[in-house]
Amino acid sequence: MSNTSENPNPSSSSAKITLKTSDNELFEVEEAVAMKFCTVKQYFEDEKDNDVAARGSSTVIPLPNVHSAVLARLISYCKKLPQSNAVADNHEEEETKKKERKQYGTPGDLVDLISAANYLDFKEGLEFFNQALADHIQNKSVEYVRKFFGIKGDFEPHEEEKYREEYAWAFEGVDED
Amino acid sequence: MEKNEKQRNRSLSNLSLDLIGSILSRLPVKFLLQLKCVCRAWRDLISNPKFAKYHLKHFIIQEKLMLMERLCYLVHYDRLNSVVEELHFPVTPSSIYAYFNIVGSCNESPIEFPTHSRKCLSTVYGFGYDSFADDYKLVRVVAFATERFETEVKLYSLGTNSWKRIEDFPYSVPNKSDGIFVNGALPWLVYLENDLVCPYFVSYLDLAEEKYGWLELPDYESGQSVCDIGVLGGCLHM
(Lines give C-alpha, C1' and ligand atoms only; values in the text may rest on other atoms or scores of the structure.)
Protein backbone atom coordinates (compact mmCIF):
# COMPACT_ATOMS: atom_id res chain seq x y z
CA MET A 1 0.00 0.00 0.00
CA SER A 2 1.39 3.34 -0.96
CA ASN A 3 1.23 5.90 1.74
CA THR A 4 3.29 8.65 0.14
CA SER A 5 0.56 11.18 -0.39
CA GLU A 6 -0.33 11.40 3.31
CA ASN A 7 3.11 10.95 4.71
CA PRO A 8 4.37 14.18 6.23
CA ASN A 9 7.92 13.00 5.75
CA PRO A 10 8.08 11.38 2.32
CA SER A 11 11.78 10.58 2.45
CA SER A 12 11.13 7.97 5.12
CA SER A 13 7.92 6.56 3.69
CA SER A 14 9.44 3.24 2.79
CA ALA A 15 11.32 2.67 6.04
CA LYS A 16 9.98 -0.09 8.22
CA ILE A 17 10.39 -0.74 11.90
CA THR A 18 9.95 -4.08 13.57
CA LEU A 19 8.05 -4.26 16.84
CA LYS A 20 8.05 -7.32 19.07
CA THR A 21 5.03 -7.88 21.29
CA SER A 22 4.68 -9.54 24.69
CA ASP A 23 3.72 -12.82 23.03
CA ASN A 24 6.80 -12.68 20.78
CA GLU A 25 5.03 -11.76 17.58
CA LEU A 26 6.93 -9.56 15.15
CA PHE A 27 5.20 -6.65 13.44
CA GLU A 28 6.77 -4.83 10.55
CA VAL A 29 5.35 -1.33 10.69
CA GLU A 30 5.86 1.72 8.52
CA GLU A 31 8.04 4.21 10.25
CA ALA A 32 5.42 6.95 9.99
CA VAL A 33 2.99 4.77 11.91
CA ALA A 34 5.49 3.59 14.50
CA MET A 35 6.58 7.15 15.22
CA LYS A 36 3.10 7.98 16.47
CA PHE A 37 3.99 5.86 19.48
CA CYS A 38 6.28 8.15 21.45
CA THR A 39 7.71 5.26 23.44
CA VAL A 40 8.81 3.59 20.20
CA LYS A 41 10.05 6.89 18.81
CA GLN A 42 12.16 7.51 21.89
CA TYR A 43 13.62 4.01 21.77
CA PHE A 44 14.29 4.35 18.06
CA GLU A 45 16.07 7.68 18.46
CA ASP A 46 18.17 6.45 21.35
CA GLU A 47 19.23 3.47 19.27
CA LYS A 48 20.12 5.77 16.41
CA ASP A 49 22.24 7.89 18.72
CA ASN A 50 24.02 4.85 19.99
CA ASP A 51 24.63 3.89 16.42
CA VAL A 52 23.61 0.37 17.22
CA ALA A 53 21.07 0.47 14.45
CA ALA A 54 23.47 1.78 11.87
CA ARG A 55 22.51 -1.09 9.62
CA GLY A 56 19.09 0.32 9.03
CA SER A 57 15.95 -1.67 9.35
CA SER A 58 17.36 -4.51 11.42
CA THR A 59 16.33 -3.06 14.79
CA VAL A 60 13.66 -4.90 16.67
CA ILE A 61 11.92 -2.84 19.30
CA PRO A 62 10.54 -4.92 22.16
CA LEU A 63 7.14 -4.00 23.58
CA PRO A 64 6.87 -6.29 26.61
CA ASN A 65 3.60 -4.70 27.75
CA VAL A 66 1.65 -4.96 24.53
CA HIS A 67 -0.08 -8.08 23.28
CA SER A 68 -0.10 -8.79 19.53
CA ALA A 69 -3.89 -8.72 19.31
CA VAL A 70 -3.90 -5.26 20.84
CA LEU A 71 -1.03 -3.93 18.77
CA ALA A 72 -2.73 -5.08 15.57
CA ARG A 73 -5.80 -3.07 16.48
CA LEU A 74 -3.78 -0.02 17.43
CA ILE A 75 -1.98 -0.12 14.11
CA SER A 76 -5.19 -0.42 12.17
CA TYR A 77 -6.58 2.49 14.17
CA CYS A 78 -3.46 4.52 13.31
CA LYS A 79 -3.93 3.92 9.62
CA LYS A 80 -7.37 5.47 9.54
CA LEU A 81 -6.58 8.02 12.18
CA PRO A 82 -6.75 11.43 10.44
CA GLN A 83 -9.55 13.50 11.95
CA SER A 84 -11.05 11.10 14.42
CA ASN A 85 -10.27 13.32 17.40
CA ALA A 86 -11.36 16.63 15.98
CA VAL A 87 -14.22 18.07 18.00
CA ALA A 88 -17.55 17.20 16.46
CA ASP A 89 -19.21 20.18 14.86
CA ASN A 90 -22.76 19.13 15.32
CA HIS A 91 -25.03 16.53 16.75
CA GLU A 92 -25.04 14.36 13.64
CA GLU A 93 -21.29 14.28 13.43
CA GLU A 94 -21.07 13.42 17.10
CA GLU A 95 -23.40 10.46 16.52
CA THR A 96 -21.23 9.27 13.64
CA LYS A 97 -18.16 9.50 15.82
CA LYS A 98 -19.90 7.63 18.58
CA LYS A 99 -20.68 4.81 16.18
CA GLU A 100 -17.10 4.77 15.02
CA ARG A 101 -15.91 4.51 18.62
CA LYS A 102 -18.34 1.68 19.26
CA GLN A 103 -16.54 -0.45 16.70
CA TYR A 104 -13.63 -0.80 19.05
CA GLY A 105 -15.42 -3.39 21.07
CA THR A 106 -16.30 -4.22 24.61
CA PRO A 107 -15.11 -2.30 27.66
CA GLY A 108 -12.56 -5.08 28.18
CA ASP A 109 -11.16 -4.52 24.69
CA LEU A 110 -11.00 -0.81 25.39
CA VAL A 111 -9.09 -1.37 28.62
CA ASP A 112 -6.48 -3.26 26.61
CA LEU A 113 -6.30 -0.50 24.05
CA ILE A 114 -6.14 2.23 26.67
CA SER A 115 -3.40 0.48 28.64
CA ALA A 116 -1.39 -0.13 25.48
CA ALA A 117 -1.88 3.40 24.14
CA ASN A 118 -0.81 4.72 27.53
CA TYR A 119 2.30 2.53 27.62
CA LEU A 120 3.17 3.51 24.06
CA ASP A 121 2.53 7.15 24.85
CA PHE A 122 0.18 7.36 21.88
CA LYS A 123 -1.76 10.46 22.73
CA GLU A 124 -4.39 10.60 19.99
CA GLY A 125 -5.22 6.95 20.47
CA LEU A 126 -5.45 7.35 24.22
CA GLU A 127 -7.92 10.20 23.88
CA PHE A 128 -9.99 8.31 21.38
CA PHE A 129 -10.24 5.14 23.46
CA ASN A 130 -10.81 7.08 26.66
CA GLN A 131 -13.76 8.72 24.99
CA ALA A 132 -14.98 5.35 23.75
CA LEU A 133 -14.95 4.01 27.31
CA ALA A 134 -16.54 7.19 28.65
CA ASP A 135 -19.39 6.63 26.15
CA HIS A 136 -20.21 3.41 27.99
CA ILE A 137 -20.93 5.10 31.29
CA GLN A 138 -22.32 8.39 30.06
CA ASN A 139 -25.46 9.20 32.01
CA LYS A 140 -25.55 5.91 33.92
CA SER A 141 -26.33 5.58 37.60
CA VAL A 142 -23.66 5.52 40.29
CA GLU A 143 -24.45 1.86 40.98
CA TYR A 144 -23.96 1.03 37.32
CA VAL A 145 -20.63 2.83 37.21
CA ARG A 146 -19.42 1.04 40.34
CA LYS A 147 -20.30 -2.31 38.87
CA PHE A 148 -18.80 -1.34 35.55
CA PHE A 149 -15.43 -0.48 37.09
CA GLY A 150 -15.56 -3.15 39.79
CA ILE A 151 -15.50 -0.57 42.56
CA LYS A 152 -16.97 -0.96 46.01
CA GLY A 153 -18.55 2.16 47.44
CA ASP A 154 -16.67 3.13 50.60
CA PHE A 155 -18.76 5.97 51.93
CA GLU A 156 -20.76 5.54 55.10
CA PRO A 157 -24.42 5.24 54.11
CA HIS A 158 -25.30 8.49 55.88
CA GLU A 159 -22.46 10.34 54.12
CA GLU A 160 -23.64 9.20 50.73
CA GLU A 161 -27.23 10.00 51.51
CA LYS A 162 -26.32 13.48 52.62
CA TYR A 163 -24.35 14.09 49.45
CA ARG A 164 -27.18 12.82 47.26
CA GLU A 165 -29.61 15.10 49.02
CA GLU A 166 -27.37 18.10 48.69
CA TYR A 167 -26.80 17.52 44.98
CA ALA A 168 -30.19 16.04 44.19
CA TRP A 169 -30.39 18.05 40.97
CA ALA A 170 -27.25 16.38 39.64
CA PHE A 171 -28.90 12.98 40.04
CA GLU A 172 -31.90 13.77 37.90
CA GLY A 173 -32.36 12.35 34.43
CA VAL A 174 -30.15 9.28 34.77
CA ASP A 175 -30.65 6.53 32.15
CA GLU A 176 -32.16 3.20 33.08
CA ASP A 177 -29.37 0.66 33.54
CA MET B 1 -11.10 -16.12 22.16
CA GLU B 2 -7.39 -15.56 21.95
CA LYS B 3 -5.34 -18.11 23.72
CA ASN B 4 -3.21 -15.57 25.53
CA GLU B 5 -6.17 -13.85 27.02
CA LYS B 6 -4.82 -14.38 30.50
CA GLN B 7 -1.70 -12.36 29.93
CA ARG B 8 -3.82 -9.41 29.12
CA ASN B 9 -5.08 -6.82 31.37
CA ARG B 10 -8.76 -6.75 30.55
CA SER B 11 -10.32 -5.85 33.83
CA LEU B 12 -11.49 -2.31 34.37
CA SER B 13 -10.41 -2.53 37.97
CA ASN B 14 -6.82 -2.67 36.73
CA LEU B 15 -6.93 0.83 35.33
CA SER B 16 -4.74 3.23 37.27
CA LEU B 17 -6.34 6.23 38.87
CA ASP B 18 -4.46 8.40 36.37
CA LEU B 19 -6.14 6.68 33.47
CA ILE B 20 -9.50 6.75 35.21
CA GLY B 21 -8.96 10.49 35.54
CA SER B 22 -8.42 10.93 31.83
CA ILE B 23 -11.49 8.83 31.03
CA LEU B 24 -13.68 10.79 33.43
CA SER B 25 -12.39 14.07 32.07
CA ARG B 26 -14.41 13.35 28.92
CA LEU B 27 -17.67 13.55 30.85
CA PRO B 28 -19.86 16.57 31.56
CA VAL B 29 -19.83 18.34 34.90
CA LYS B 30 -23.29 17.38 36.04
CA PHE B 31 -22.51 13.72 35.60
CA LEU B 32 -19.17 14.09 37.39
CA LEU B 33 -21.01 15.46 40.39
CA GLN B 34 -22.85 12.15 40.60
CA LEU B 35 -19.68 10.19 40.16
CA LYS B 36 -18.20 11.88 43.19
CA CYS B 37 -20.14 9.45 45.29
CA VAL B 38 -18.81 6.32 43.57
CA CYS B 39 -16.02 6.04 46.17
CA ARG B 40 -13.63 8.23 48.15
CA ALA B 41 -10.79 7.87 45.66
CA TRP B 42 -13.01 9.12 42.84
CA ARG B 43 -14.34 11.97 44.93
CA ASP B 44 -10.79 13.12 45.66
CA LEU B 45 -9.83 12.70 42.04
CA ILE B 46 -12.74 14.72 40.70
CA SER B 47 -12.31 17.43 43.35
CA ASN B 48 -8.64 17.86 42.53
CA PRO B 49 -7.93 21.22 40.85
CA LYS B 50 -5.56 19.46 38.44
CA PHE B 51 -8.42 17.30 37.25
CA ALA B 52 -10.59 20.37 36.81
CA LYS B 53 -7.99 22.00 34.63
CA TYR B 54 -7.67 18.93 32.49
CA HIS B 55 -11.41 18.60 32.27
CA LEU B 56 -11.78 22.18 31.24
CA LYS B 57 -9.63 21.62 28.19
CA HIS B 58 -12.34 19.41 26.74
CA PHE B 59 -15.29 21.39 27.90
CA ILE B 60 -14.69 25.08 27.99
CA ILE B 61 -16.18 25.49 24.56
CA GLN B 62 -19.14 23.20 24.89
CA GLU B 63 -20.30 23.99 28.35
CA LYS B 64 -20.77 27.23 30.05
CA LEU B 65 -22.25 28.69 33.10
CA MET B 66 -25.02 31.08 32.44
CA LEU B 67 -26.26 33.40 35.07
CA MET B 68 -29.57 35.10 34.75
CA GLU B 69 -30.91 37.25 37.49
CA ARG B 70 -29.38 35.16 40.21
CA LEU B 71 -30.47 31.92 38.68
CA CYS B 72 -27.81 29.79 37.19
CA TYR B 73 -28.03 27.53 34.20
CA LEU B 74 -25.56 25.20 32.71
CA VAL B 75 -26.00 25.32 28.98
CA HIS B 76 -24.71 23.03 26.28
CA TYR B 77 -24.26 24.62 22.95
CA ASP B 78 -24.46 22.74 19.74
CA ARG B 79 -21.44 24.43 18.35
CA LEU B 80 -22.27 24.85 14.70
CA ASN B 81 -25.89 25.69 15.05
CA SER B 82 -25.13 27.91 17.99
CA VAL B 83 -28.41 27.21 19.65
CA VAL B 84 -29.04 26.18 23.17
CA GLU B 85 -29.27 22.48 22.83
CA GLU B 86 -30.21 21.54 26.31
CA LEU B 87 -31.04 23.65 29.25
CA HIS B 88 -29.79 21.23 31.80
CA PHE B 89 -30.85 22.38 35.20
CA PRO B 90 -31.85 25.61 36.69
CA VAL B 91 -30.34 25.76 40.13
CA THR B 92 -30.49 28.22 42.93
CA PRO B 93 -27.64 30.64 43.55
CA SER B 94 -26.40 28.57 46.44
CA SER B 95 -25.68 25.76 44.05
CA ILE B 96 -23.46 27.89 41.88
CA TYR B 97 -20.66 26.87 44.09
CA ALA B 98 -21.36 23.29 43.18
CA TYR B 99 -20.16 24.08 39.71
CA PHE B 100 -17.27 26.05 41.07
CA ASN B 101 -16.50 23.25 43.38
CA ILE B 102 -16.13 20.83 40.55
CA VAL B 103 -14.09 23.11 38.38
CA GLY B 104 -11.50 23.46 41.02
CA SER B 105 -12.46 25.06 44.24
CA CYS B 106 -12.60 23.82 47.75
CA ASN B 107 -15.01 26.53 48.75
CA GLU B 108 -17.43 25.40 51.32
CA SER B 109 -19.78 28.33 51.10
CA PRO B 110 -22.01 29.67 48.39
CA ILE B 111 -21.16 32.96 46.79
CA GLU B 112 -22.85 35.88 48.42
CA PHE B 113 -23.87 38.42 45.85
CA PRO B 114 -23.02 41.96 46.88
CA THR B 115 -25.90 44.35 47.19
CA HIS B 116 -26.21 47.75 45.63
CA SER B 117 -28.11 50.66 47.04
CA ARG B 118 -29.27 52.59 44.02
CA LYS B 119 -32.05 51.70 41.69
CA CYS B 120 -30.66 49.44 39.07
CA LEU B 121 -31.66 49.38 35.45
CA SER B 122 -30.16 46.11 34.39
CA THR B 123 -27.57 43.57 35.43
CA VAL B 124 -25.39 41.44 33.22
CA TYR B 125 -22.99 38.71 34.20
CA GLY B 126 -19.97 37.06 32.72
CA PHE B 127 -18.03 34.07 33.88
CA GLY B 128 -14.72 32.75 32.67
CA TYR B 129 -11.36 31.28 33.37
CA ASP B 130 -8.21 33.34 33.76
CA SER B 131 -5.52 30.93 32.64
CA PHE B 132 -2.81 33.37 33.65
CA ALA B 133 -3.77 33.29 37.30
CA ASP B 134 -5.43 29.87 37.09
CA ASP B 135 -8.55 31.38 38.57
CA TYR B 136 -12.25 31.50 37.75
CA LYS B 137 -13.85 34.89 37.71
CA LEU B 138 -17.43 35.96 37.82
CA VAL B 139 -18.21 39.52 36.76
CA ARG B 140 -21.33 41.48 37.45
CA VAL B 141 -22.10 44.74 35.68
CA VAL B 142 -24.89 46.74 37.22
CA ALA B 143 -26.27 49.67 35.27
CA PHE B 144 -28.03 52.27 37.36
CA ALA B 145 -31.13 54.11 36.36
CA THR B 146 -29.50 57.49 36.26
CA GLU B 147 -29.29 59.88 33.36
CA ARG B 148 -25.64 59.25 32.68
CA PHE B 149 -25.85 55.48 32.58
CA GLU B 150 -23.55 54.93 35.49
CA THR B 151 -22.36 51.40 36.10
CA GLU B 152 -20.77 49.47 38.87
CA VAL B 153 -18.66 46.42 38.06
CA LYS B 154 -17.75 43.83 40.63
CA LEU B 155 -15.57 40.85 40.09
CA TYR B 156 -15.66 37.68 42.13
CA SER B 157 -12.50 35.63 42.17
CA LEU B 158 -12.78 32.00 43.06
CA GLY B 159 -9.17 31.97 44.17
CA THR B 160 -9.66 34.63 46.82
CA ASN B 161 -13.33 33.80 47.37
CA SER B 162 -14.19 37.48 47.43
CA TRP B 163 -15.71 40.28 45.46
CA LYS B 164 -13.95 43.47 44.57
CA ARG B 165 -15.00 46.49 42.62
CA ILE B 166 -13.13 47.09 39.41
CA GLU B 167 -13.18 49.95 36.93
CA ASP B 168 -16.69 50.95 35.84
CA PHE B 169 -17.89 49.77 32.49
CA PRO B 170 -16.50 52.38 30.09
CA TYR B 171 -19.42 52.56 27.68
CA SER B 172 -23.13 52.66 27.92
CA VAL B 173 -25.05 49.73 29.29
CA PRO B 174 -24.00 46.50 27.65
CA ASN B 175 -26.71 44.49 25.97
CA LYS B 176 -27.67 41.22 27.56
CA SER B 177 -25.19 38.66 26.43
CA ASP B 178 -24.50 36.76 29.60
CA GLY B 179 -22.25 33.81 29.66
CA ILE B 180 -20.03 34.43 26.66
CA PHE B 181 -16.40 33.66 27.22
CA VAL B 182 -13.76 33.72 24.48
CA ASN B 183 -9.99 33.63 24.63
CA GLY B 184 -9.68 34.72 28.22
CA ALA B 185 -12.07 37.63 27.84
CA LEU B 186 -15.72 38.40 28.43
CA PRO B 187 -17.21 40.27 25.49
CA TRP B 188 -20.39 42.30 25.61
CA LEU B 189 -22.24 43.93 22.79
CA VAL B 190 -22.57 47.69 23.23
CA TYR B 191 -25.09 49.92 21.50
CA LEU B 192 -24.38 53.59 20.91
CA GLU B 193 -27.63 55.42 20.50
CA ASN B 194 -26.13 58.55 19.04
CA ASP B 195 -24.13 56.78 16.36
CA LEU B 196 -26.52 56.20 13.52
CA VAL B 197 -24.06 54.62 11.12
CA CYS B 198 -22.41 51.94 13.23
CA PRO B 199 -24.22 51.83 16.52
CA TYR B 200 -22.86 48.45 17.63
CA PHE B 201 -19.46 47.41 18.84
CA VAL B 202 -18.02 44.91 21.28
CA SER B 203 -16.46 45.86 24.55
CA TYR B 204 -14.63 43.15 26.41
CA LEU B 205 -13.08 42.62 29.79
CA ASP B 206 -9.72 40.89 29.75
CA LEU B 207 -9.92 38.55 32.75
CA ALA B 208 -6.18 38.41 33.37
CA GLU B 209 -5.58 42.16 33.19
CA GLU B 210 -9.01 43.07 34.47
CA LYS B 211 -9.02 45.86 31.89
CA TYR B 212 -11.46 46.74 29.14
CA GLY B 213 -10.84 46.78 25.45
CA TRP B 214 -13.07 47.16 22.45
CA LEU B 215 -13.53 45.65 19.03
CA GLU B 216 -15.06 47.18 15.98
CA LEU B 217 -17.53 44.90 14.30
CA PRO B 218 -17.06 44.06 10.64
CA ASP B 219 -19.06 46.15 8.17
CA TYR B 220 -22.72 45.58 8.27
CA GLU B 221 -25.57 47.26 6.52
CA SER B 222 -26.40 50.53 8.12
CA GLY B 223 -29.87 50.78 9.49
CA GLN B 224 -29.61 47.22 10.72
CA SER B 225 -31.35 47.33 14.04
CA VAL B 226 -30.77 43.87 15.46
CA CYS B 227 -27.39 42.41 16.21
CA ASP B 228 -26.15 39.74 18.59
CA ILE B 229 -22.90 38.05 19.39
CA GLY B 230 -22.08 34.50 20.35
CA VAL B 231 -19.38 31.90 20.38
CA LEU B 232 -18.75 29.47 17.53
CA GLY B 233 -15.90 27.01 17.54
CA GLY B 234 -14.04 29.06 20.13
CA CYS B 235 -14.39 32.31 18.15
CA LEU B 236 -16.65 35.26 18.54
CA HIS B 237 -19.33 35.63 15.89
CA MET B 238 -21.94 38.26 15.30
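Proteins get letters first, then strands, A, B, ... in listed order; numbering begins at 1 in each. Keep in mind that this is a model prediction, so the values were computed, not measured.
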Point to revise | Which portion of A:Ser68 sits near chain B, non-hydrogen atoms under 4.5 angstrom | key: neither
Check your understanding: Stepwise, does the side-chain contact (heavy atoms from CB on, under 4.5 Å) test hold for A:Val145 with B:Trp42?
Key -> CA-CA 11 Å; A:Val145 174; B:Trp42 279 35; 3.6 Å; yes
Review point. Does some side-chain heavy atom of A:Ile114 sit less than 4.5 Å from a side-chain heavy atom of B:Leu19?
Key: yes
Revision key, fill the gap. Hits for side chain to side chain donor-acceptor pair (under 3.5 Å) against A:Glu160, two or more places apart or cross-chain, chain-then-number order -> A:Arg146, A:Arg164
Practice item. Between chain B and each of A:Leu110, A:Leu126, A:Asn118, A:Val66, count heavy-atom pairs under 4.5 Å; write down the option with the most. Key: A:Asn118
Check your understanding: Hey, are the side chains of A:Gln138 and B:Arg26 touching, using non-hydrogen atoms and a 4.5 Å cut-off?
Key -> no
Check your understanding: When rounded to the nearest 0.5 angstrom, what is the spacing between OG in B:Ser22 and NZ in A:Lys123?
Key -> 11.0 Å
Check your understanding: Quick one: are A:Leu133 and B:Leu12 in side-chain contact, heavy atoms under 4.5 Å?
Key -> yes
Exercise for review: Starting from the C-alpha separation in whole Å, work towards a yes-or-no answer on side-chain contact (heavy atoms from CB on, under 4.5 Å) for B:Leu27 and A:Ile137.
Suggested key: CA-CA 9 Å; B:Leu27 296 163; A:Ile137 56 167; 3.7 Å; yes
Check your understanding: Where is the tightest heavy-atom contact between B:Phe31 and A:Lys140, given as atom of each residue plus distance?
Key -> CE1-O, 3.0 Å
**Study point:** With sequence neighbours excluded, residues passing side-chain contact (heavy atoms from CB on, under 4.5 Å) with A:Asn65
**Key:** A:Tyr119
Exercise for review: Using non-hydrogen atoms and a 4.5 Å limit, figure out which bit of A:Phe148 sits close to chain B: side chain, backbone, both or neither.
Suggested key: both
Practice item. Check whether any side-chain heavy atom of A:Phe149 sits under 4.5 Å from a side-chain heavy atom of B:Ile20, and report yes or no. Key: yes
Check your understanding: What closest approach, in Å, do A:Val111 and B:Ser11 show between heavy atoms, and which atom pair accounts for it?
Key -> CG1-O, 3.7 Å
Practice item. Could you pull out the closest heavy-atom pair between B:Ser13 and A:Gly150, with the gap in Å? Key: CB-O, 4.3 Å
Check your understanding: Nearest 0.5 Å, what's the CD-OG distance between A:Gln131 and B:Ser25?
Key -> 8.5 Å
Check your understanding: B:Arg40 side chain to A:Phe155 main-chain N or O, any donor-acceptor pair under 3.5 Å?
Key -> no
Review point. Could you give the distance from CD1 (A:Ile151) to SG (B:Cys39), rounded to the nearest 0.5 Å?
Key: 4.5 Å
